[in-house]
Every structure is written in C-alpha cells, then in structure tokens.
2 protein chains.
Amino acid sequence: MDEPGAEWGTAEGRAMIRLLWDPPTPPARGPRQRLTLDQVVTGAIEVAAAHGVDELSMRKVAQHLGVGAMSLYTYVPGKDELFELMIDRAWAGRAVPDRSLPWRAQVEFHAREAWAMYRANPWLIHSNLWRMPMGPHVLDAQEDLYRAVLLTGLPEGTVGRIAGLVESHVFGAARSAVTDTSMSARTGVTPDDYWESRSSFWGTYYSLERFPAMTRIWQNGGFDEEFTDDAWEFGLQLLLDGVERLVTAPDATAPPPDGTADDTARPGDGTAPTRADGDPPAGSGA
Amino acid sequence: MDEPGAEWGTAEGRAMIRLLWDPPTPPARGPRQRLTLDQVVTGAIEVAAAHGVDELSMRKVAQHLGVGAMSLYTYVPGKDELFELMIDRAWAGRAVPDRSLPWRAQVEFHAREAWAMYRANPWLIHSNLWRMPMGPHVLDAQEDLYRAVLLTGLPEGTVGRIAGLVESHVFGAARSAVTDTSMSARTGVTPDDYWESRSSFWGTYYSLERFPAMTRIWQNGGFDEEFTDDAWEFGLQLLLDGVERLVTAPDATAPPPDGTADDTARPGDGTAPTRADGDPPAGSGA
DNA sequence: AGCGGATACAGTACACCGTACGGAGAGAAT
DNA sequence: ATTCTCTCCGTACGGTGTACTGTATCCGCT
C-alpha cells in the first residue's frame, strides 16, 4: 500500500497509465466479464463512502459487488491501482470555470470545486499517501488551475508555486475539517464527555501559565469556527491577496524564483517538449 | 489504526493523555521491566526512520528492541498510542524562538523548525491521519506559534486562523517534498526510465493541445525547483506578506472573523476557562 | 457443428498485521 | 515461606493483500 505505480518508467507504471487513460476493452475470447471497470471503481467508492476508507478492502468491495475477492484482480492489478482509479474518478465530477472571468475568480472557482470534492469524498484525504495519480481528470483540473494562474502574467515558476499553494491550502483545510467532523460524528459526544475531559486534561495538566496564548485565543472564541465550512476561505483570500500584490507590485518581498536568469533560453510555447532532465509532476502531490 | 485516543472524554483518551503527560513510574511489585517507555518510543522511531512508516509494525519494533511482540503492550496500550508518543517525541526537539524578535521573525523561525522536523522525520507526514496528539511538546510548540502571531495585535479569531495556515502550509510543503524525495530515492531511476516513461505517457497520451498551460509552465522550468528545500519559503513569505498587510490595513479583503460583534463580552486573560461549548483543539489537525 | 484455446471466476493458501488471552516465572510485601 | 502482583511472551484469532490453481465459460476457427 505504498506508492504504487509511481515510477512512470516501470512496467507497472505504464500499466497504470494505460488503465487510467484508455481502459482496455474486454477481449472477446473467454467468458464475458460479469462487471465493468467502472462498476468496480464505483463499488469501491461506495464502500469507502459508506464505511470509511479504513474499511475499504478488496474482500469488502468484492462482496459489495457480489463477486469473489480474486475476481477483482481481473479488472485491476491491485488495491493501489484501484485507489488511483477512485481518485481520478472523484476528480472527474468537477465543473470548469468560466474562462472569461478574471484569474482570481477562476482560481476561487477551482478552489471551491476542490473543497466541495473533498467534502463529498472524505476518503480522498488519504490520497496524500500517494502521489497524485496522473489520470486524465486530475490533469484536466490541474490544467484549468494553471491556466487561471497564468492569467496573472507572473513568471512561470511563480505560477507553478502559487498553484501548488492553492491546492495545498484547500487540501489542508479539508483534511482538518474532515477529520474533525468524522471524529465528532463517530461518537455522539459533546456535552458531558467534554466536561469530563476537561476535568481530566484541562483541569489536570493544562496550565494557564504554561499556555497563556492559547488560553487567550480560546477565551476569545478564536478556535470556535476554525473548522466551519467557510473558514478556509479566509486563508484563500489571504493567499490571493498576496498574489494580487505580487501582480501589481513585482518588487514584493517574495522573490520570483526563476523568471530572470536560467541555464538556457527556453523556447516559447508550441514546440514539443525537449527538456532532458525531468517531466511535469502535474499532480504536485497536493 | 483509526483515530486512537481521540475523544478526550473516553477512558482510552484519558489514559493516552496520562501517558503523554506523566508516564507512569514502573511499579515495584512484579519483576523489573526490561525496557523503559522512552526506549520503546525511540526504538519505534528508529524502525520508522530506517525502513519507512509502512514497515512499522509492533513485531518489528519488538524485534528491534530484542523483546517479544506482546511485551510492548505492557508499555503502551496499542500501536496508535505508540504512534502518538512518537509524534510528541518528534516535536520535543524543537528550539524556541527569541521572544524579543518581531512577530514575523518568530513565525518564520517556528515554520523553519517545523520544516526541519518534517524533513528529519519523514514518517511524521502520516500523522495527518490522526488528530494532532495533545502532548506536552506539541502544545509547547503550538503555544510559541500562537504567542508569536498574537504579537500582530490582530483579533484572536484571525490569529488562530493564521497559525493554522502557517502550520498547514509547512505540512503540505513537507509532504510534497518528502514523497518526492522518497520516491526518487526508493529506486535509483532518473535518466533512462524517464525517457522510457516519456515515450509511454508523454508521447502517447499527453497532448499539447489539451494541456497548454502545463506545457508552458514546464517548458519554462516552472516545475523544476518546486520541491527543493527552500521553495516552500516562497509560500511562507506570500502568507506573511498577507498577514502584514492585514496588520497595517485592517480593512483588507479578508474579513476578520470574530473581533467585532459576538454573543457576549468575554473576559480578558488571567481568569480560568469558563466557556461551556468546546475546548481548544490546540493541534488543529495540522 | 464441433473443437481448441483463451479467459473470467473463485477457492485455497501464504505471509503479515494488530492484539486478546493465558501461562510461566520473577520479585517485593506480608 | 507464602502470597500476590506484574512482566514477558507463545499461541491464536480474525483481518489484510494477493499468488497460485483449477474449473467453467464462451469466441473464433475449422
């Protein structure tokens, strides 16, 4: 369960890419397949949505689909690959922003779509264990974000970083919110157990002298709406304000990383990729 | 392995808190313990550091320590609790900033300490599966960050959000960097396999018309130093620039969440906590 | 029509996981 | 010396991902 078809150069990596981009049509030689790859992915997502990602196992998915456990392996090389397909499927449902909008509105649109996606598919927050799969839907969404940020006119290196920043922020906020709601939903505690917990920890170990800052923030309600559904927008706006400042005042504190001097002059767009030392990571892990 | 002693009100939660804050002195009734709790935690960290967090199992830790697997359970209630102790241990080694410095320098110091911690303990990035443990070292570091951000004079609600933002950003950047380096280190590929991978994916499915923005960024080197050791500082500076703007111009775009009107006037600091509907989450999940 | 062969399905099995249980032995308190 | 508590750990149980193998199925060919 660790970093599956991550190396795109390996045979497994290429098989994964092929699975993501053109799933094989079932060959017409043996007995007909009882399921489709889409059904398997859908079933896995249903299991993860219903019982949580911890309960996601090949046996449970197979049982949910009414087949034997090993039958899944005719559709999918393994659990990791199945999970990558699930991730790409989740990214498939995202709307595209109106491209006539200014860059900021488009980025906000992208961020809100991502937020909605994470809230609708909480099991997605486990995808950080993997590198983002190079699936078509993931890449389409990323492309939309990159295009929006490119509209700022900032140097390409800065654009890449800003896109990663936005992606990472939404992911982090969603992670906090999801673990928070899932935990308070798992057991219907709040009123009484909180009191008991206070007598256990807050009364025993928590010291006002040791933690004055946290105490002050807490007393003034600073932790109250930290995980409400729109609290993350604060961070997004702060981020985008910073970007806007970068656009209008290019001599800001944050230095443009590449823009000025580099090894060789690179050609503009339109030409085929010719660089030798790397490939676009695209998912950028967030 | 899901959300261990998360509810502070439960018996397990209280046991976890006690384990974190004052580990029990070994009772002098039966045979003497062969190990100490510290040794167990250290051994677990060594296993995770040497073989990766995926290889971290109770049997492996026990074998590393030269004891039977079940013996660990006399020191620790389970694997989840052991992992929480590992996390708190990792946070223990952090330096405190010079409190005479301005808030921005202190926040930067905190962020760089966090970055170094994540780089030194890559297994920490899996801690997002849990809520941050309420350990003393975690809380001490959080307190330092909160105090630094409080120096801005911003309303408490904003302070909490900014602290979470900084924490989340460092975590996200470290996650990207760690998965990146661990993946390229796991197999000594780069030159040839990259070429083959390009012929597999970049030549077959990647279309310049479908992904013009990513192509442009890639061609101009925008993805090159995305995961180098100081690329994350760009995001930090962008963030702190936004905070600074919030300090100097309180009518910025991002609205202060609480500061102005609320249910009741809260007392200042110095008094005991008297709120009834919650407790400081402190870790805030990042 | 009949057959050969490729293929889907699934049963069994293996290694590994976290950990519940219970027994054996150690060592302090009585 | 006895008793009682506690550590250590062997065994075992239910779970996981999946390799292997056998069997039933169905298409394409002759």
Side-chain angles (χ1 to χ4, degrees), chain A residues 1-5 11-12 15-16 23-40 43-44 47-48 51-86 123 126 129-130, chain B residues 1-5 11-12 15-16 23-37 39-40 43-44 47-48 51-86 126 129-130:
Chain A
M1 197 86 174
D2 48 342
E3 325 248 345
E12 304 87 15
M16 185 70 236
T25 75
R29 197 56 194 278
R32 214 175 290 112
Q33 284 188 293
R34 193 173 300 178
L35 268 42
T36 65
L37 180 59
D38 268 356
Q39 282 177 309
V40 171
V47 170
H51 310 301
V53 75
D54 297 317
E55 299 290 329
L56 181 72
S57 72
M58 298 300 271
R59 285 173 173 86
K60 294 224 177 69
V61 173
Q63 188 182 0
H64 178 67
L65 291 170
V67 298
M70 293 313 293
S71 303
L72 297 181
Y73 287 87
T74 58
Y75 300 89
V76 151
K79 192 190 182 183
D80 293 336
E81 288 82 358
L82 176 55
F83 199 78
E84 294 210 26
L85 291 171
M86 291 167 63
W123 50 269
H126 282 253
L129 303 186
W130 287 267
Chain B
M1 192 88 177
D2 47 342
E3 326 246 348
E12 304 86 16
M16 184 71 235
T25 75
R29 195 57 192 277
R32 216 176 290 113
Q33 284 189 294
R34 193 172 301 178
L35 269 43
T36 66
L37 180 59
Q39 281 177 310
V40 171
V47 170
H51 309 301
V53 75
D54 297 317
E55 300 290 328
L56 181 72
S57 71
M58 299 299 270
R59 285 173 173 87
K60 294 221 176 70
V61 173
Q63 188 182 1
H64 178 67
L65 291 170
V67 298
M70 292 313 293
S71 303
L72 298 181
Y73 287 86
T74 59
Y75 301 88
V76 150
K79 192 189 183 184
D80 293 336
E81 288 82 359
L82 175 56
F83 198 78
E84 294 210 27
L85 290 171
M86 291 167 63
H126 282 252
L129 303 185
W130 288 266

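Per chain, numbering begins at 1; letters A, B, ... match sequence-line order.
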With a non-hydrogen cut-off below 4.0 angstrom, is B:S57 in contact with a base, only sugar-phosphate, or nothing? sugar-phosphate

When every non-hydrogen atom of A:Q33 is compared with those of A:Y75, the smallest separation belongs to NE2-CE2, 3.1 Å

Can you check the A:H51 NE2 to D:dT16 C1' distance for me, whole Å? 17 Å

B:Y75 side chain near D:dC8 phosphate (N/O to OP1/OP2, under 4.0 Å): yes

Quick check on D:dC9: is either OP1 or OP2 less than 4.0 Å from any side-chain nitrogen or oxygen of B:S71? yes

What's the closest nucleotide to the side chain of A:R29 if the choices are D:dC27, D:dC26, C:dG18? D:dC27

Taking B:T36's backbone N and O only, do any of them form a donor-acceptor pair with B:Q39's side chain (distance below 3.5 Å, no angle check)? yes

Under 4.0 Å, counting only non-hydrogen atoms across every strand here, what does A:G68 touch: a base, just sugar-phosphate, or nothing? sugar-phosphate

Atom CG of A:D54 to atom P of D:dG17: distance rounded to whole Å? 12 Å

Give the nucleotide from the list D:dC6, D:dC8, C:dA8 with an atom nearest to the side chain of B:R34. D:dC8

Any base atoms under 4.0 Å from A:L72, or only sugar-phosphate, or nothing? Heavy atoms, all strands. nothing

With a 4.5 Å limit on heavy-atom distance, are the side chains of A:L72 and A:L65 in contact? yes

Atom-pair distance (CE on A:M58; P on C:dC17), nearest Å: 20 Å

Go nucleotide by nucleotide along DNA chain D from the 5' end; which of A:K60 and A:M70 gets its closest nucleotide reached first? A:K60

Whole-Å distance between D:dG10 P and B:Q63 CD? 12 Å

CG of A:L82 versus C1' of D:dT18: gap in Å, rounded? 14 Å

Tell me which of A:V67 and A:R59 sits closer to the 5' end of DNA chain C, going by the nucleotide each one is nearest to. A:V67

Side chains of A:M58 and A:L82: does their closest heavy-atom pair fall under 4.5 Å? yes

Value in whole Å for how far the P atom of D:dC26 lies from CZ of A:R32: 7 Å

Result for side chain to side chain contact (heavy atoms under 4.5 Å, CB included) between A:V40 and one of A:L85, A:L35, A:T74 points to A:L35

Between atom CD in B:Q33 and atom C1' in D:dT5, what is the gap in whole Å? 13 Å

How many Å lie between CG on B:L65 and P on D:dC8, as a whole number? 11 Å

